[in-house]
Amino acid sequence: MSKICTIILVLVSIIAYSNSLQNGFIMDDKYIIESNPLVKSLANIPKLFASNYWANTPYEKDVLLYRPLTMSSFNIDYAIWGLNPFGYHLINILINAINSILVFLIIKYLITNPAIALISSLLFAIHPIHTEPINMLVGRTELLSTFFLLCAFLTYIKRYNLLITIALFLCALLSKETAIVLFVLFILFDTISELPKMTIAEIFKKYFKIWFLFFGLISIYIILRFLVLGGTFSQGGQAGIFQGKNFIILFATMIKAFGRYLSLLVIPVHLSPDYNDFLFSHSIFETNVMLSFVILTVTFISAIFLFKLNPTITYGIFWIFVALMPVSNIIPIGAILAERFLYLPSVGFSFFISGILSSISSKSIKIISTTLIGFVILIFGILTFNRNFVWQNEYTLWLETAKLYPDNVKAHYNLGTVWTNKGEFEKAIKEFEKCLIFNPDATWNPGKKAKANVYYNISLIYKSKGENEKYYLELIKAFELDPDNIDVKNALSTYHNEKGLEYSKKQNLAQALAKYKQAITLNPKLIEAYYNLGLTQYKLKDYENALNSFNECLKIEKNYANAYICIGNIFYVKGLYNNAIEQYKKALSIDPNSKEARTNYETLKNLGKFQ
């Protein structure tokens, strides 16, 4: 029976996600995998155990995460598949299938009914809420940590070798930090399992030494993590969602978020890759907050009262709440609501369903209930299969998100980028402009840096359309918001250099000088600006400053032939012919085909203007 159930779980899992194999790299996949040199060699695996999860990405300084096992799995993927996303998606699908089998084995052990265990684990295997962590390849942090966590849990409840359990627990922690909840899940399991026979004090006495071992493991892990990352919690935008908000706002908002999580487990519709349009709640008396509070309270009380009926029901509900605690923002994280955060909690949902089904004594009711769950599994499978198409690429994902959630700022930003890449500039500008609308109650609004990126993207659109004045005005807006943005500074520098050339052609040399100097201030490495500055100074017979400008060119690029030619010209007008000849020789050694260097050299040679 178990073998048949295993085959069914694997087949159903693969079929439900088979169309995701055509999907590409998306969202954070591009930073963590596609453009990350750390994952492109097996020799880098040791480095991953001493590196931030976000190493070599723009978020390395702001986000402190330690997930070396997950990153190592990407190294192995790259060694096999290169940058073919097919293989990465295949591995995610297989891990989810294996996790489904583990859920089946655990439930079968808890209720000793393979049929109910199969039905409950099928819910886990194809739950639509899992489409994010399975389709977004970096969602493997959820998949892999859950794999090791379930393995550790299974070995623990079956009382296998404790050292194996500890090793698996550590692997779960090294895959994702949220696996720390396993410690609480162990305590809850031991307590619920023993409560009918023992008091709390007796349970504590019996399991204290074992629990202390796990506590020691967690302590060692936290120390290791601190030593590698040089800190404990993320800084900046990733940790600042509730910055400046009081406890009431945090509590009310997270109560509402937990209510939404429960609703997504039961009715997984209107899904989104980003819930930044989820609004802050300023009072516990708001309708949505009170409704969520009532649902959570009833659920929690039900867990206690249903304990005598079936402890698995109680444990399933507690599992959901405990698994959500790391994402409750008690410790600030970079999101209030995310579907990937429900991957581990949904295991508890399967426990809950199995407990309910196994508690039904009436044969007719059990048949009806099982049939109903079977129908739900079918609906979930269809929803999951269809949702995979949405995750095909950035265009399909953000177009669907913007349709479902018109106030989702990130959807409009990413859709604007998509339209830009497609050459649909008018559509892109409209999407970018929607990103600039501020909602004081939104849990995420673009800050100064984010707005600067919006204006920068709009500027690039105007540049591609040849509307240079609008291009410049958008760049200025971006620069005023984020004067340290390298892309913006470099773009402005290039713009000023090009304006300088325009002034030079019109013989407006004073304004040309000013523009070149502005370009250099913004980007001291822009060699063209130094060169053009030197040419203008030469025209104005300001030879000393021109010489300095050309020498700056050579500091940036020592083989810049044109700079040597110009320095030679300065020496020529000063009557330093030998020095001029040397400069022309250097230019010709770099570029033997330089007509100007050859002509100037031959002219001096024919005139005998050197010794």
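Quick caveat, the model's predicted, so the values are computed rather than measured.
Judged by distance alone, with hydrogens and angles left aside, the side-chain atoms of Thr146 form no donor-acceptor pair with the main-chain N or O of Leu143 at under 3.5 Å. No side-chain donor-acceptor contact under 3.5 Å links Asn44 to the backbone of Lys47. In this structure a side-chain-to-backbone donor-acceptor pair under 3.5 Å is present from Ser145 to Glu142. Counting only distance, with no hydrogens or angles, the side chain of Ser346 and the backbone of Phe349 share no donor-acceptor pair below 3.5 Å. In this structure, the side chain of His89 engages the main chain of Asn23 through a donor-acceptor pair within 3.5 Å. The closest donor-acceptor contact from the side chain of Ser73 to the backbone of Thr70 lies under 3.5 Å. A donor-acceptor contact shorter than 3.5 Å is absent between the side chain of Tyr66 and the backbone of Leu173. A distance-only check finds a donor-acceptor pair linking the side chain of Asn92 to the backbone of Ile134 [under 3.5 Å]. No donor-acceptor distance shorter than 3.5 angstrom exists from the side chain of His127 to the backbone of Leu122, with no hydrogens or angles considered. With hydrogens and angles ignored, the 3.5 Å screen pairs no side-chain donor or acceptor of Glu400 with any backbone N or O of Leu397.
Between the side chains of Ser20 and Asn388, no donor-acceptor pair of N or O atoms lies under 3.5 Å. The closest side-chain donor-acceptor pair between Ser272 and Asp274, if any, does not fall under 3.5 angstrom. Looking at Lys256 and Ser292, their side chains never bring a donor and an acceptor atom within 3.5 Å of each other.
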Under the side-chain contact (heavy atoms from CB on, under 4.5 Å) criterion, do Ile14 and Leu94 qualify, and how do the steps go? CA-CA 7 Å; Ile14 292 175; Leu94 293 177; 4.3 Å; yes
Decide salt bridge (Lys or Arg N to Asp or Glu O under 4.0 Å) for Asp190 and Lys205; before the verdict, give the C-alpha distance in whole Å, the side-chain angles of both, and the deciding distance to 0.1 Å. CA-CA 12 Å; Asp190 290 334; Lys205 183 177 180 181; over 6 Å; no
Please report the C-alpha distance between Ile203 and Lys206 in whole Å, then the side-chain angles of each, then the deciding distance to 0.1 Å, and finally whether the side-chain contact (heavy atoms from CB on, under 4.5 Å) criterion is met. CA-CA 5 Å; Ile203 295 170; Lys206 179 179 179 179; 5.7 Å; no
side-chain contact (heavy atoms from CB on, under 4.5 Å) assessment of Met71 paired with Ile32: CA-CA 8 Å; Met71 291 300 296; Ile32 296 295; 3.6 Å; yes
Stepwise side-chain hydrogen bond (donor to acceptor under 3.5 Å, both in side chains) check, Asn310 with Ser358: CA-CA 8 Å; Asn310 191 326; Ser358 63; 2.8 Å; yes
Go through Thr165 and Thr155 one step at a time and tell me if the side-chain hydrogen bond (donor to acceptor under 3.5 Å, both in side chains) criterion holds. CA-CA 6 Å; Thr165 303; Thr155 61; 2.8 Å; yes
For His130 and Thr384: C-alpha separation, side-chain torsions, deciding distance, then whether side-chain hydrogen bond (donor to acceptor under 3.5 Å, both in side chains) applies. CA-CA 8 Å; His130 297 167; Thr384 293; over 6 Å; no
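Within a 6.0 Å radius of CZ in Phe215, other residues, nucleotides and ligands contribute 12 heavy atoms or fewer. For CZ of Phe389, the number of neighbouring non-hydrogen atoms (other residues, nucleotides, ligands) closer than 6.0 Å is greater than 12. Remark: Ile267 CD1 is loosely packed, at most 12 non-hydrogen atoms of other residues, nucleotides or ligands lying under 6.0 Å away. Around atom CZ of Phe293, no more than 12 heavy atoms belonging to other residues, nucleotides or ligands sit under 6.0 Å away. Counting heavy atoms of neighbouring residues, nucleotides and ligands inside a 6.0 Å radius, atom CD1 of Ile200 exceeds 12 of them. Other residues, nucleotides and ligands contribute at most 12 non-hydrogen atoms within 6.0 Å of the OH atom of Tyr160.
Taking CD1 from Ile295 and CE from Met290, the interatomic distance works out to 12.5 Å, rounded to the nearest 0.5 Å. Rounded to the nearest 0.5 angstrom, Ile45 CD1 and Ser41 OG are separated by 8.5 Å. Ile248 CD1 to Phe285 CZ: the interatomic distance, rounded to the nearest 0.5 Å, is 9.0 Å. Here CZ of Phe352 is found 7.5 Å from CG of Leu306. Values are rounded to the nearest 0.5 Å.
The heavy-atom pair separating Ser72 from Leu48 by the smallest distance is N-CD1, 3.6 Å. Here the closest heavy-atom approach between residue Ala125 and residue Asn96 is recorded as O-ND2, 3.1 Å. The two residues Leu337 and Arg260 make their nearest non-hydrogen contact at CD2-CG, 3.6 Å. Heavy-atom minimum distance, Leu83 versus Ile33: CD2-O, 4.4 Å. Taking every heavy atom of both residues into account, Lys108 and Pro114 meet most closely at CE-CG, 4.2 Å. Closest approach of Ala55 and Asn36 over heavy atoms only: O-ND2, 3.6 Å.
Using bins of under 30°, 30° to 60° and over 60° for the plane-to-plane angle, the ring pair Trp319/Phe153 lands in the perpendicular bin. Between Tyr207 and Trp211, the two ring planes are parallel [angle under 30°; tilted spans 30° to 60°]. The aromatic rings of Phe247 and Phe251 sit parallel, their planes meeting at an angle under 30°, below the 60° perpendicular limit. Phe318 and Phe300 have tilted rings, their planes meeting at an angle from 30° to 60° on a 0 to 90° scale. Classification of the Phe208-Phe204 ring pair by plane angle, with boundaries at 30° and 60°, yields tilted.
When side chains are defined from C-beta on, Ile91 counts as touching Trp81, because their heavy atoms get closer than 4.5 Å. Side-chain contact check for Leu162 versus Ile166: some heavy-atom pair is nearer than 4.5 Å. Using a 4.5 Å cut-off on side-chain heavy atoms (C-beta onward), Leu229 and Tyr53 make no contact. The shortest distance between side-chain heavy atoms of Tyr275 and Leu271 falls below 4.5 Å. Two residues are said to be in side-chain contact when any heavy atoms from C-beta on lie closer than 4.5 Å; Ser51 and Val228 fail this criterion. Inter-residue side-chain proximity for Tyr221 and Phe169 is flagged as unmet; no heavy-atom pair is nearer than 4.5 Å. Ile320 is listed as a side-chain neighbour of Leu262, based on a closest heavy-atom distance under 4.5 Å. At a threshold of 4.5 Å between non-hydrogen side-chain atoms, the residues Phe147 and Ser175 do not count as touching.
The salt bridge (charged side-chain N to carboxylate O under 4.0 Å, His left out) check on Arg67 picks up Glu177, with sequence neighbours excluded. In this structure, the ring pair (Phe, Tyr, Trp, His ring centres under 6.0 Å) partners of Phe186, at least two apart in sequence or on a different chain, are Tyr156, Phe214. Applying the salt bridge (charged side-chain N to carboxylate O under 4.0 Å, His left out) criterion to Lys197, with sequence neighbours excluded, gives Glu194.
With salt bridges taken as basic N to acidic carboxylate O contacts below 4.0 Å, one links Lys30 and Glu394. Taking 4.0 Å as the cut-off between side-chain N and carboxylate O, Asp29 and Arg140 do not count as a salt-bridged pair.
Between Tyr88 and Phe25, the ring centre distance stays below 6.0 Å. Ring-centre distance between Tyr343 and Phe124: below the 6.0 Å cut-off.
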